[in-house]
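The structure appears right after this line, and notes come after that.
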There are 2 protein chains.
Amino acid sequence: MKIHSFKTNESGLNRFFGPLEARIMHILWNGPEMAIKDVQARLAKEQAINFNTVMTVMNRLVDKGVLRKRAEGRVSLFQPTQSLEQFLETQSKELTNDLLEEFGPLVVNHMLDALEEADPALLEQLEQKIQALKKER
Amino acid sequence: MKIHSFKTNESGLNRFFGPLEARIMHILWNGPEMAIKDVQARLAKEQAINFNTVMTVMNRLVDKGVLRKRAEGRVSLFQPTQSLEQFLETQSKELTNDLLEEFGPLVVNHMLDALEEADPALLEQLEQKIQALKKER
DNA sequence: ACCTCACACTACCTATTGTAATGTTCGCAA
DNA sequence: TTGCGAACATTACAATAGGTAGTGTGAGGT
């Protein structure tokens, strides 16, 4: 399984995951390989949460292919299959492709408007990349 | 209500709607204001479908704000609140904004790669738009 | 007065996500 | 040796979204 929906009304990891899933991924991405208990302990700092709840969700994340489970003696250790950077890289690439595929020229227009508003420096970056590409040919 | 998820594993209208919803929107976008019965008739050409099923889904689309319902005597006539062009415009703009907001510079890189593969002509369009923007300032 | 047709209301099914009780297994300690 | 406890597995229930459809209601024409 994989991520197959990008939520437009959320932000950050919540765009790809449910709220609990997102918190779990956040923890695993900002720490070492962990057991369920460890993750639960972290989550419990904010508010009480049942061990089994965490386990179920973590196992679902394994099913989805975003976490890897490894048996270490009697406990299972979990870690993301991709680094956060890789994940964002993959997702943004996929989304960008999808967007172009779906909307083509329409997106090119919005791109610049959005780019300008968001961060004019990105416009520079864009232009330089275009120049670089042209030289290649 | 509004559209709040973009499905990466689908294509076309199915990225924004469920399969039946998408077929209904497709019909309404490619024809005049219609009654449920009319839509059902169109759908039924492909395969039998219950009138009430169509009604329920169409009413949900009204709740979501993508269809407008208007009473004409005893029947209700439906039509999209936006043209397909407007809808795609809105969606692509929103998605583009979201993408930039979420990923910033990361997207700028993918954008060009994707653009080149998809359609090098778009690259030209992009460059020209950048030039135009620079002149403005 | 009643029948029909369009619409409303309600409900059930599947999938996803959050939640958690119950069941199982196995090492270690008494 | 027995049995407790920790970790995992299994199962299930709730909510939401979407597809499906039965039953209820109301108004117009006959």
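Just so we're on the same page: letters track the sequence lines, and every chain starts at 1.
- Remark: P of C:dT16 and CG of A:D63 are 11 Å apart, rounded to the nearest angstrom.
- For the 3.5 Å distance criterion, the side chains of B:T8 and A:H4 fail to qualify, holding no donor opposite an acceptor.
- Of the side-chain N and O atoms in A:N59, one or more sit less than 4.0 angstrom from OP1 or OP2 of D:dA9.
- A:K7 has its NZ atom 15 Å from the P atom of D:dT16, to the nearest Å.
- Scanning atom types as modelled, no donor and acceptor separated by under 3.5 angstrom connect the side chain of B:S76 and the base of C:dA6.
- In this structure, CZ of A:R60 is placed 13 Å from C1' of D:dA9, rounded to the nearest angstrom.
- In plain terms, the two heavy atoms of A:L67 and A:M58 that are nearest each other are CD1-O, 4.0 Å.
- The closest donor-acceptor contact from the side chain of A:T90 to the backbone of A:Q86 lies under 3.5 Å.
- Judged by closest nucleotide on DNA chain D, A:T56 is the one of A:T56 and B:M55 placed further toward the 5' end.
- Aromatic ring centres of B:F17 and B:F87 lie closer together than 6.0 Å.
- Evaluation of atom-type donor-acceptor distances gives no pair under 3.5 Å for the side chain of B:R23 against the base of D:dG19.
- The distance between atom CD1 of B:I49 and atom C1' of D:dG18, rounded to the nearest whole Å, is 12 Å.
- Taking 4.0 angstrom as the limit, A:K64 places none of its side-chain polar atoms (N or O) nearer than this to OP1 or OP2 of C:dT16.
- What separates CZ of B:F17 from P of D:dG19 is a distance of 11 Å, to the nearest Å.
- Using modelled atom types and a 3.5 Å distance limit, the side chains of A:K2 and B:N9 yield no donor-acceptor pair.
- Rounded to whole angstrom, the span from the CZ atom of B:F51 across to the P atom of D:dT23 amounts to 17 Å.
- Distance alone, capped at 3.5 Å, is enough to place a donor-acceptor pair between the A:W29 side chain and the A:Q82 backbone.
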Below 3.5 Å is the cut-off: list the nitrogen or oxygen pairs between protein and nucleotides 22-28 of chain C, distance only.
unit_1	atom_1	unit_2	atom_2	d
C:dT22	O4	A:N52	ND2	2.9

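- Taking side-chain N and O atoms only, A:K37 has a distance below 4.0 Å to OP1 or OP2 of D:dA7.
- B:L20 has its CG atom 5 Å from the P atom of D:dG19, to the nearest Å.
- One atom, CE of B:M58, and another, P of C:dA8, lie 11 Å apart when rounded to the nearest Å.
- Within the nucleic acid shown, A:V75 comes within 4.0 Å of sugar-phosphate atoms alone, with no base atom in reach, counting heavy atoms only.
- Closest approach to the A:I36 side chain among D:dC8, D:dG18, C:dG18 is made by D:dC8 (side chain taken as heavy atoms from C-beta onward).
- Applying the 4.0 Å criterion to OP1 and OP2 of D:dA9, one finds that A:K69 has a side-chain N or O inside that range.
- A side chain to side chain donor-acceptor pair (under 3.5 Å) with B:E21 holds for exactly one of B:H26, B:R60, B:K64; it is B:K64.
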